[in-house]
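So that the names make sense, note that chain A is the first sequence line, chain B the second, and so on, each numbered from 1.
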There are 2 protein chains.
Amino acid sequence: MAHEQRRIRRTQTDLRERLIEAALIEFAAHGFEGASTRSIANYIGAHQPQINYHFDSKEDLWKSSLADLFDLLSKEVGRAVINDDVSDEVSAEKFADQIRAFIDFAARHPELNRIMVHESTSPGPRLEWLVENFVGPLYTGLKPLWERLQRAGIAAPIHPVLIHHALMGATTLLFLNAHELELLEGIDATKRTWIDRHADGMIATFLPGLRK
Amino acid sequence: MAHEQRRIRRTQTDLRERLIEAALIEFAAHGFEGASTRSIANYIGAHQPQINYHFDSKEDLWKSSLADLFDLLSKEVGRAVINDDVSDEVSAEKFADQIRAFIDFAARHPELNRIMVHESTSPGPRLEWLVENFVGPLYTGLKPLWERLQRAGIAAPIHPVLIHHALMGATTLLFLNAHELELLEGIDATKRTWIDRHADGMIATFLPGLRK
DNA sequence: GTCTATAATTAGATAGAC
DNA sequence: GTCTATCTAATTATAGAC
């Protein structure tokens, strides 16, 4: 009886986040319009109307899923910002660590960048919501730090307005297109070895003035 | 009468390629599953069944559209390959020109990279078709050239297996996400000034050993 | 070749029994 | 909270008149 209750309560409280996990995978694979609420529910053995019970709408499910994932990102990586208390060298080292952590995150959660590119291909309320709540702060934080690292002779000669997309593209397309590399080389880019190689290359290329 | 016939013939022969132009825009904006054949036909003032008259299916329309666009790409940019008759320096300069031409193409035809990322987020027959026919040859051509330029001390320290996605991501995400930058900075990245700045930065960053 | 009508399927959301 | 049944709307593809 106690066991039965515990099992039921666990299922009830967990269903919302299990739906979110499934939603991230389906939205990442097929985009918002291409992913069906039926397939999301089926993914975890639930029924389609349960989505409309736990969320207001498909769009509410999508927003809840992305808020969760961006929260996880900021916990694991943080945001690139200027710290005036430390030298340019130390700032660059901290930034390099963040690039490494971000690449690691992108490899383990390819859903984030996949959903981002699905949405960014056309204007609309979902893209505006993403930019306003999550992309904007990241973009705004990076620009002055990059300018400082350029003045210090550490950062590559990329315009501060363009560095966000150049760096994001260079670091994440590999994992976003992991299925493609699998077909091309039979390689799993999310293996530790390739993640580390990729991070080494990106840091050396974008921060060529960083001391080894 | 002659005018009438000419008008009709023009419409007939042009409709197929006008449908392809509309299809590229709609597939790029919403993905294969998210784009509807109705909206594609409406885009040029045609009716939905005309697509099934001029093409076998939605998938046939998609393939025809991408074959057209990749043909245009190879005409304008070509493919990065080793030429043993010229020095490392000259090879690097030619490769830099190709990067510049590719960035220009990506800015003027964002549909290509948008469709690529839509498809690469999940395995399937369309991705396999793209890799087999178009991405594979580009990937295979770049790798040995990159190795040569690294031995010559010109190319950045990025692993040859990873350079394709690093370079593609760095160069194209800016235009793929042009709507995002528009929201972030109010900037049109497809303006000549930004295209050139971007190309300068990418060449200097990925080929730091290239003489100015 | 074009265009109307429609067939066959699937989508997100809701009602109501349990 | 769950699950079956169902509603309305939208999808790709086809039939057939012109």
Side-chain angles (χ1 to χ4, degrees), chain A residues 1 3-27 29-66 115 118-119 122 124-126, chain B residues 1 3-27 29-65 118-119 122 124-126:
Chain A
M1 189 67 166
H3 170 71
E4 185 70 8
Q5 278 194 353
R6 209 181 311 125
R7 232 186 89 218
I8 288 173
R9 199 174 312 127
R10 200 197 78 91
T11 299
Q12 287 174 347
T13 51
D14 279 4
L15 187 62
R16 194 173 198 278
E17 56 189 85
R18 293 206 300 140
L19 282 171
I20 284 180
E21 281 176 40
L24 285 171
I25 291 168
E26 290 290 309
F27 284 137
H30 305 110
F32 179 80
E33 303 171 280
S36 80
T37 54
R38 268 184 180 78
S39 65
I40 292 169
N42 283 349
Y43 197 91
I44 57 162
H47 293 103
Q48 183 256 342
Q50 292 183 274
I51 286 180
N52 286 91
Y53 177 80
H54 289 279
F55 301 90
D56 288 346
S57 63
K58 186 183 181 182
E59 183 158 329
D60 181 37
L61 169 62
W62 182 89
K63 282 191 182 179
S64 304
S65 304
L66 270 103
I115 292 173
H118 279 306
E119 293 307 324
S122 69
R126 289 191 304 278
Chain B
M1 191 66 163
H3 170 72
E4 185 70 9
Q5 279 194 351
R6 211 181 310 125
R7 235 187 85 218
I8 287 172
R9 199 176 308 128
R10 202 198 77 91
T11 299
Q12 288 174 348
T13 51
D14 278 3
L15 187 62
R16 193 173 198 278
E17 56 190 84
R18 292 205 302 137
L19 282 171
I20 283 180
E21 280 176 43
L24 284 172
I25 291 167
E26 289 291 309
F27 284 137
H30 305 110
F32 179 81
E33 304 171 279
S36 81
T37 54
R38 262 186 184 78
S39 64
I40 292 169
N42 283 350
Y43 197 91
I44 58 162
H47 293 103
Q48 182 256 344
Q50 291 183 274
I51 286 180
N52 288 89
Y53 177 81
H54 289 280
F55 301 91
D56 289 346
S57 64
K58 186 183 181 181
E59 184 159 330
D60 181 36
L61 169 62
W62 183 90
K63 282 190 182 179
S64 304
S65 305
H118 279 305
E119 293 306 325
S122 69
R126 289 192 304 279

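Counting non-hydrogen atoms under 4.0 angstrom, B:A41 reaches nothing in the nucleic acid.
Spacing between atom CG of A:L19 and atom P of D:dC3 amounts to 12 Å, rounded to whole angstrom units. Between B:F27 atom CZ and D:dT12 atom C1' there is a gap of 12 Å when expressed in whole angstrom units. The CZ atom of A:R38 sits 11 Å away from the C1' atom of C:dT9 (whole-angstrom rounding). D:dG1 atom C1' lies 15 Å from atom CD1 of A:I51, rounded to whole Å. Distance A:N52 CG to D:dA5 P: 18 Å, rounded to the nearest Å. Between the P atom of D:dT12 and the CD atom of B:E33 lies a distance of 11 Å, rounded to the nearest Å. Across the protein-nucleic acid pair, B:D56 atom CG and D:dT14 atom C1' stand 14 Å apart, rounded to whole Å. Between the P atom of D:dA10 and the CD1 atom of B:I40 lies a distance of 17 Å, rounded to the nearest Å.
At least one side-chain heavy atom of A:L15 sits less than 4.5 Å from a side-chain heavy atom of A:R18. Looking at B:H30 and B:S39, their side chains never come closer than 4.5 Å, going by heavy atoms from C-beta outward.
In this structure, CG in A:L61 is found 5.5 Å from CD1 in A:I51, a value given to the nearest 0.5 Å. In this structure, CD in A:E119 is found 4.5 Å from CH2 in A:W62, a value given to the nearest 0.5 Å.
Judged by distance alone, the side chain of A:K58 and the main-chain N or O of A:F32 form a donor-acceptor pair under 3.5 Å.
Which of C:dT2, D:dG1, C:dA13 sits closest to the side chain of B:L15 comes down to C:dT2. The listed nucleotides are D:dT12, D:dA13, C:dT2; the one nearest the side chain of B:S57 is D:dA13. Closest contact between the side chain of B:K58 and the listed nucleotides D:dT12, D:dG1, C:dT2 involves D:dT12.
Within residues 43-50 of chain B, the residues having any heavy atom closer than 4.0 Å to DNA chain D are, in order of number, B:Q48, B:P49.
The side-chain hydrogen bond (donor to acceptor under 3.5 Å, both in side chains) test applied to B:S57 returns no partner, not counting sequence neighbours.
Screening A:I20, A:I40, A:I25 against A:S65 for a side chain to side chain contact (heavy atoms under 4.5 Å, CB included) leaves a single residue, A:I20.
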